[in-house]
Visitor: 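Following this message is one structure expressed as structure tokens.
Any value given below was found using the heavy atoms of this structure, including those in side chains, with hydrogens, waters and symmetry copies removed. Quantities reported herein were computed from a predicted structural model and do not represent experimental measurements.
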Amino acid sequence: MLSEYDLRTRQSMPLSVKVRMAEARIREWYEHYEGQVCVSDSGGKDSMVLRHLVRNLYPEVPSVHCDTGVEYPEIREAIRLVDNVTIVRPRIPFRDVLAKYGYPIPSKRIAQYIHEAQGKGEATKRLRLVGIDSRGVFHPMSKIPAKWLFLLSAPFPISDRCCDVLKKHPLNAYMKELGRFPFVGTMAADSGQRAQTYRKLGCNAYDTGRPRSTPLGPWTEQDVLEYTKAHGLPLAKVYGEIVDAGGGRLQCTGASRTGCIYCGFGCHLEKPINRFQRLALTYPKLWAYAMDTLGYRKVLTYIGVPFEAKATHEPKGQWMLEL
């Protein structure tokens with residue numbers, strides 16, 4: 001297993017070195033599966049960079065995109081411009097996923113623990129509530145943190161299942177039917193869970209239940225932005241433009257990340273303007289649907305995340321944000 005120090009070392013390498021490493025992993029994966037591969041393509045900036053890297057080496061490699069129904073309109077527009085892409089869809093819509101499984105808050109790990117504590121056997125409940133397994137061994141990272149115990153009494157269901165149902169199941173069905181093995185654009189820098197997975201499996205995970213290659217594993221968002229700008233890749237409009245943020249750092253003038261519009265994982269960590277406030281300004285109809293039809297108003301109120309925002313026009317011609 002890769003150490004935390006080794007991961008940080010890889011993440012600090014120059015982009016040129018990371019590109020060469022990514023290309024090497026892509027070649028290894030392609031050759032191992034004799035070309036029976038594909039790009040799992042979300043339409044976001046990470047997937048765009050991955051697709052560019054893969055097709056620079058192997059232009060015939062197809063993409064597969066899961067249209068969950070909860071992507072930003074600009075992402076769906078960007079995917080329509082990609083050639084050689086197959087569109088798959090989930091069997092049930094997001095609204096039914098929320099009702100059947102629960103809302104995606106506050107993080108993927110905590111949502112899983114809450115869901116299990118409410119519905120699994122006594123041994124799992126004890127593990128999630130106090131961190132003690134069936135052998136009496138204490139696992140501090142396996143229990144629900146005290147700050148989130150109040151979610152056990154929430155007047156709505158909570159789980160981490162939405163991504164599985166909306167994305168993984170239809171994509172896995174595609175891979176199984178066609179016998180293809182995917183390149184995926186996830187990075188260790190995305191989250192603690194993804195960092196742990198990368199440290200354990202590396203870029204090319206051959207010996208898992210669902211083999212996959214993550215050539216961008218040691219990359220950071222700055223690497224993605226630098227590569228995008230250097231190669232003139234067409235960002236989806238939701239990101240805005242890539243600009244110099246000072247200190248040699250780049251940033252997008254629009255959304256920094258896309259994914260599912262209504263995903264609540266990590267929203268409690270964002271300072272105003274958070275993703276739901278930005279949605280109120282940019283897509284008021286989608287925001288109203290989330291708040292009043294999907295029930296996010298009660299969910300965000302319950303966990304103390306602000307979601308109201310509107311823009312006001314000042315006499316001097318400047319747009320100000322009113323929270």
Visitor: Kindly say whether Cys66 contributes a backbone atom to a donor-acceptor pair with the side chain of Arg89 at under 3.5 angstrom?
Guide: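 No, because the side chain of Arg89 does not come within donor-acceptor range (under 3.5 Å) of the backbone of Cys66.
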Visitor: Looking only at side-chain N and O atoms, does Asp133 offer a donor or acceptor that is under 3.5 Å from a partner on His139?
Guide: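 There is such a pair (donor and acceptor under 3.5 Å, judged by atom type) between the side chains of His139 and Asp133.
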Visitor: Looking at Tyr289, Phe276, Phe307, Trp287, which one forms a ring-ring contact (aromatic ring centres under 6.0 Å, His included) with Tyr296?
Guide: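 The passing option is Phe276.
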Visitor: Hey, is CE on Met1 packed in by over 12 heavy atoms from elsewhere, all under 6.0 Å?
Guide: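 Count over threshold, so yes.
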Visitor: Could you tell me which non-hydrogen atom of Gly43 sits nearest to which non-hydrogen atom of His65, and how far apart they are?
Guide: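 Minimum heavy-atom separation between Gly43 and His65: N-ND1, 4.3 Å.
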Visitor: Which residue pairs pass the side chain to side chain donor-acceptor pair (under 3.5 Å) test with at least one member in residues 9-23, sequence neighbours excluded?
Guide: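 Passing the test, one end in residues 9-23: Arg8-Gln11, Arg10-Tyr198, Lys18-Asp223.
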Visitor: In terms of relative ring orientation, are Phe156 and Tyr103 parallel, tilted or perpendicular, with 30° and 60° separating the classes?
Guide: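 Geometry flag for Tyr103 against Phe156: perpendicular rings.
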Visitor: Is it true that atom CD of Glu34 has more than 12 heavy atoms of other residues, nucleotides or ligands lying nearer than 6.0 Å?
Guide: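 Counting other residues, nucleotides and ligands, CD of Glu34 stays at 12 neighbours or fewer.
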Visitor: Do Leu250 and Glu221 come within less than 4.5 Å of each other through their side chains, counting heavy atoms only?
Guide: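 No; the side chains remain at least 4.5 Å from each other.
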Visitor: For the residue pair Phe181 and Tyr33, categorise the inter-ring angle as parallel (less than 30°), tilted (30 to 60°) or perpendicular (more than 60°).
Guide: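 Aromatic pair Phe181/Tyr33 classed parallel.
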Visitor: Does Tyr101 offer a backbone N or O that forms a donor-acceptor pair with the side chain of Ser159 under 3.5 Å?
Guide: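 Answer holds: yes.
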Visitor: In plain terms, say whether Arg25 and Glu28 are close enough for a salt bridge, that is, a side-chain N and a carboxylate O under 4.0 Å apart.
Guide: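 Salt bridge flag = yes for Glu28 with Arg25.
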Visitor: Testing the basics here: between Phe183 and Pro215, what is the closest heavy-atom pair and its distance to 0.1 Å?
Guide: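 Heavy-atom minimum between the residues: CD2-CG, 3.9 Å.
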Visitor: Just to verify, what does Asp6 make a salt bridge (charged side-chain N to carboxylate O under 4.0 Å, His left out) with, not counting sequence neighbours?
Guide: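 For Asp6 there are no salt bridge (charged side-chain N to carboxylate O under 4.0 Å, His left out) partners, ignoring immediate neighbours.
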Visitor: Roughly how far, to the nearest 0.5 Å, is the CD1 atom of Ile132 from the CZ atom of Arg135?
Guide: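 Rounded to the nearest 0.5 Å, the CZ-CD1 separation comes out at 12.5 Å.
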Visitor: With ring-ring contact (aromatic ring centres under 6.0 Å, His included) as the criterion, how do Tyr227 and Trp219 come out once you've worked through the C-alpha distance, each side chain's angles and the decisive distance to 0.1 Å?
Guide: CA-CA 11 Å; Tyr227 187 95; Trp219 287 42; 5.8 Å; yes
Visitor: Looking at Ala188, is its backbone amide N or carbonyl O close enough to the side chain of Arg194 to form a donor-acceptor pair, meaning the two atoms are under 3.5 Å apart?
Guide: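 Not a single qualifying donor-acceptor pair exists.
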Visitor: Do side-chain atoms of Glu116 reach the backbone of Tyr113 as a donor and acceptor pair under 3.5 angstrom?
Guide: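 No, the answer is negative, given that no donor and acceptor are paired below the 3.5 Å cut-off.
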Visitor: Where does the angle between the aromatic ring planes of His52 and His231 fall among parallel (under 30°), tilted (30 to 60°) and perpendicular (over 60°)?
Guide: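 Rings of His52 and His231: tilted, as their planes differ by 30° to 60°.
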Visitor: Quick one: does any side-chain atom of Asn56 pair with a main-chain N or O of Leu53 as donor and acceptor, under 3.5 Å?
Guide: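 Not at all, since once roles are kept as given, no pair shorter than 3.5 Å links the two residues.
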Visitor: Using a 6.0 Å cut-off, check whether atom NZ of Lys125 has over 12 heavy atoms from anything other than its own residue.
Guide: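 More than 12 heavy atoms, drawn from other residues, nucleotides or ligands, come within 6.0 Å of this atom.
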Visitor: Report the distance from atom CG of Leu152 to atom CG of Leu129, rounding to the nearest 0.5 Å.
Guide: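 Result: 6.0 Å between the selected atoms.
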Visitor: Would a hydrophobic clustering, with Ile, Leu, Val, Met, Phe, Trp and Tyr connected at side-chain separations under 4.5 Å, put Tyr206 with Met21?
Guide: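 Per the 4.5 Å side-chain linkage, Tyr206 and Met21 are not co-clustered.
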Visitor: Which is it for Thr214 and Thr186 under the side chain to side chain donor-acceptor pair (under 3.5 Å) test, yes or no, and what are the steps along the way?
Guide: CA-CA 6 Å; Thr214 56; Thr186 56; 4.9 Å; no
Visitor: Examine Tyr302 together with Phe150 and report whether their ring centres are nearer than 6.0 Å.
Guide: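 Yes, close enough.
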Visitor: Quick one: which residue pairs count as a side chain to side chain donor-acceptor pair (under 3.5 Å) with a foot in residues 237-256, not counting sequence neighbours?
Guide: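 Pairs touching residues 237-256 that pass the test: Tyr239-Thr258.
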Visitor: Look at atom CD of Glu60 and say whether more than 12 heavy atoms of other residues, nucleotides or ligands are closer to it than 6.0 Å.
Guide: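 Yes, the 6.0 Å shell around CD holds more than 12 heavy atoms from other groups.
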Visitor: Kindly say whether Glu270 contributes a backbone atom to a donor-acceptor pair with the side chain of Arg275 at under 3.5 angstrom?
Guide: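 Not a single qualifying donor-acceptor pair exists.
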Visitor: Is it true that atom CZ of Arg95 has more than 12 heavy atoms of other residues, nucleotides or ligands lying nearer than 6.0 Å?
Guide: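 Result for CZ/Arg95: open.
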Visitor: Would you say that Val54 contacts Tyr30 through its side chain, given a criterion of any heavy-atom pair below 4.5 Å between the two side chains?
Guide: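 Sidechains of Tyr30 and Val54: no contact.
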Visitor: How far does CZ of Phe94 sit from SG of Cys263, to the nearest 0.5 angstrom?
Guide: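 Reported to 0.5 Å precision, the distance equals 8.0 Å.
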Visitor: For a quick check under 3.5 Å, do Glu226 and Gln222 share a side-chain donor-acceptor pair by atom type?
Guide: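 The criterion, which ignores hydrogens and geometry beyond distance, is not satisfied for Gln222 and Glu226.
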